[in-house]
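The sequence lines fix the lettering, A, B, ..., with proteins before strands; numbering per chain opens at 1. What you are looking at is a predicted structure, and each value in this text was computed from that prediction instead of being measured.
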Amino acid sequence: MPELPEVETVVRQLNSAIANLKINDVQVYFGIRNQPEQKSFISTLVGKTILKVERRAKVIIFRLSDDMTMVAHLKMSGKFFIHLAEVKPDKHTHVVLRLDNDKQLFWHDVRKFGYLKIMTNLEVDDWFLNKNFGPEPLLDTFTPAVFKRQLLTRKNAKIKNTLLDQSVVAGVGNIYDIEALWLAKIHPLRVINTLTDSEIELLHQHIVAILHKSVAANGTSSDDFLDTSKKRGTFQDELKVYGKENTPCPRCATIFTKIKLNGRGTVFCPSCQI
DNA sequence: CGTACCGCCTGGGGGC
DNA sequence: TGCCCCCAGGCGGTAC
């Protein structure tokens, strides 16, 4: 489940591998979510140059020539692969871009939740405004005070749910949410209103630290995340809580509990997360 | 308005 | 071996 570190890993690789390459041909093997006009999808892309690749929240942004932009969301299982010209698509490859230098960019998505969408640069600005994404947690401007202000926009909600709200903080998903709460010793059901300033500061510190560490490890491949070369990240080796229900807490040896919160598996220590 | 929760989609794993 | 059911979850849409 790609979150900020996994998306950042993909964006860096895309940017170094395909920036400044021209799109010479486009094949679509499956209808693209949010982009029903398949003909215009293809005709808009062909002939454009990929100027650079960026990230905002968990969205991948391909800046194209002629003031156009393609955005992509990996959702659960979306992947970009960079292949040489002779590699053939498999049953889950939905789009292939043939690029300069005999490179191909594959859009691959088993569960089909992800999307690609093409807009003009004017449209994409509006699209992002409408998303109302919160602050980027890896920027210096994401201070404890900013974090507190963002949290207080949802003062009666549970902290576990609130960290997943992309308008509060951009880029946190279920894995880093669970891990950061354990590191900060905060129970996932705590209501925002009840958090002390020192708890908020501690949580802020752990969110920033874990995201940085995971980016350095090329993300978490506890499920099926792969980078653009089909390589796994390594941060799953450093997870303390996610996927470890019914095993002892490394801090206090109490057996981890698992509950479901808004349909998401939530593992925590019932003893030292208060 | 704030908050909670369904459903999209598929492969993998457990139970029998 | 095979069948069935459940699980994973980001987030848009919707209900309350």
Side-chain angles (χ1 to χ4, degrees), chain A residues 1-11 29-36 55-61 71-80 89-95 107-117 126-134 136-137 149-181 188-195 211 214 219-226 230 232-233 236 239 241-246 256-268:
Chain A
M1 39 244 69
E3 306 177 29
L4 187 153
E6 293 75 36
V7 177
E8 181 66 23
T9 297
V10 169
V11 164
Y29 299 94
F30 188 84
I32 307 159
R33 198 177 280 262
N34 288 4
Q35 191 74 42
R55 179 188 62 76
R56 173 73 171 109
K58 298 171 195 166
V59 177
I60 299 173
I61 308 165
V71 295
H73 200 304
L74 305 177
K75 293 288 184 94
M76 295 304 302
S77 60
K79 294 172 182 67
F80 281 109
D90 68 14
K91 65 182 281 205
H92 299 299
T93 306
H94 305 316
V95 177
W107 166 246
H108 184 280
D109 188 6
V110 171
R111 275 174 259 186
K112 297 179 182 159
F113 282 16
Y115 60 80
L116 307 179
K117 187 170 173 59
D126 275 352
W127 188 81
F128 274 109
L129 279 178
N130 187 253
K131 295 282 178 194
N132 194 29
F133 285 130
E136 283 290 332
R149 186 193 71 206
Q150 291 298 104
L151 288 179
L152 287 175
T153 63
R154 306 226 12 215
K155 53 188 165 60
N156 294 313
K158 297 171 184 70
I159 184 63
K160 166 71 194 327
N161 299 341
T162 303
L163 291 180
L164 292 175
D165 185 334
Q166 300 298 295
S167 71
V168 174
V169 182
V172 176
N174 204 42
I175 296 176
Y176 302 108
D177 182 345
I178 290 172
E179 294 288 320
L181 287 173
L189 296 178
R190 283 283 293 286
V191 171
I192 301 296
N193 257 344
T194 73
L195 296 174
L211 293 176
S214 185
T220 296
S221 294
S222 62
D223 195 354
D224 66 349
F225 170 70
L226 297 174
K230 298 196 171 182
R232 290 160 56 81
Q236 63 276 10
L239 297 179
V241 203
Y242 178 83
K244 301 196 187 297
E245 56 269 29
N246 303 322
F256 279 137
T257 299
K258 182 172 184 178
I259 58 173
K260 206 134 189 156
L261 214 49
N262 284 7
R264 276 153 231 193
T266 303
V267 183
F268 63 98

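Rounded to whole Å, the distance from CZ on Phe225(A) to C1' on dG11(B) is 19 Å. Separating the CG atom of Leu189(A) from the P atom of dT3(B) is a distance of 15 Å, rounded to the nearest angstrom. Rounded to an integer number of Å, the gap from CG of Leu163(A) to P of dT3(B) is 14 Å. Whole-Å rounding puts the Asn132(A) CG to dC1(B) C1' distance at 14 Å. The CZ-C1' distance, from Arg154(A) to dC5(B), rounds to 12 Å in whole Å. Rounded to a whole Å, the CD1 atom of Ile259(A) is 12 Å from the P atom of dA4(B).
Contact annotation: the side chain of Leu151(A) approaches that of Ile159(A) to within less than 4.5 Å [non-hydrogen atoms, C-beta and beyond]. Considering only heavy atoms from C-beta on, Val59(A) comes within 4.5 Å of Phe133(A) through its side chain.
Bending across the helix from dG2(B)-dC16(C) to dC16(B)-dG2(C), expressed as the angle between its end axes from five pairs apiece, amounts to 50° (10° rounding).
Comparing Leu261(A) and Lys91(A) along DNA chain B, the residue whose closest nucleotide (by nearest heavy atom) sits nearer the 5' end is Leu261(A).
Among the atoms of the strands shown, none is found under 4.0 Å from any heavy atom of Asp224(A). Among the protein residues, Asp109(A) comes within range of no part of the nucleic acid, since none of its heavy atoms lies under 4.0 Å from any strand.
Atom OG1 of Thr266(A) and atom CZ of Phe256(A) lie 13.0 Å apart (nearest 0.5 Å).
Under the 30°/60° scheme for interplanar angles, the aromatic rings of His73(A) and Tyr115(A) are found to be tilted. Taking the six-membered ring where the residue is Trp, Trp107(A) and Phe80(A) present tilted rings, their angle falling between 30° and 60°.
Under the rule for a ring pair (Phe, Tyr, Trp, His ring centres under 6.0 Å), the partners of Phe268(A) that lie at least two apart in sequence or sit in another chain are His187(A).
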> What does nucleotides 9-16 of chain C look like as a protein-contact string, B for base, S for sugar-phosphate only, - for none, at under 4.0 angstrom between heavy atoms?
Replying inline: BBBS----
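Tyr176(A) and Ser214(A) share a side-chain donor-acceptor pair at under 3.5 Å.
Side-chain nitrogen and oxygen atoms of His92(A) include at least one within less than 4.0 Å of the OP1 or OP2 phosphate oxygen of dG11(B).
Each of Lys158(A), Arg154(A), Lys160(A) was compared with Asp165(A) under the salt bridge (charged side-chain N to carboxylate O under 4.0 Å, His left out) criterion, and only Arg154(A) meets it.
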>> Is there a salt bridge (charged side-chain N to carboxylate O under 4.0 Å, His left out) between Asp109(A) and Lys75(A)? Walk through the geometry before answering.
In response: CA-CA 9 Å; Asp109(A) 188 6; Lys75(A) 293 288 184 94; over 6 Å; no
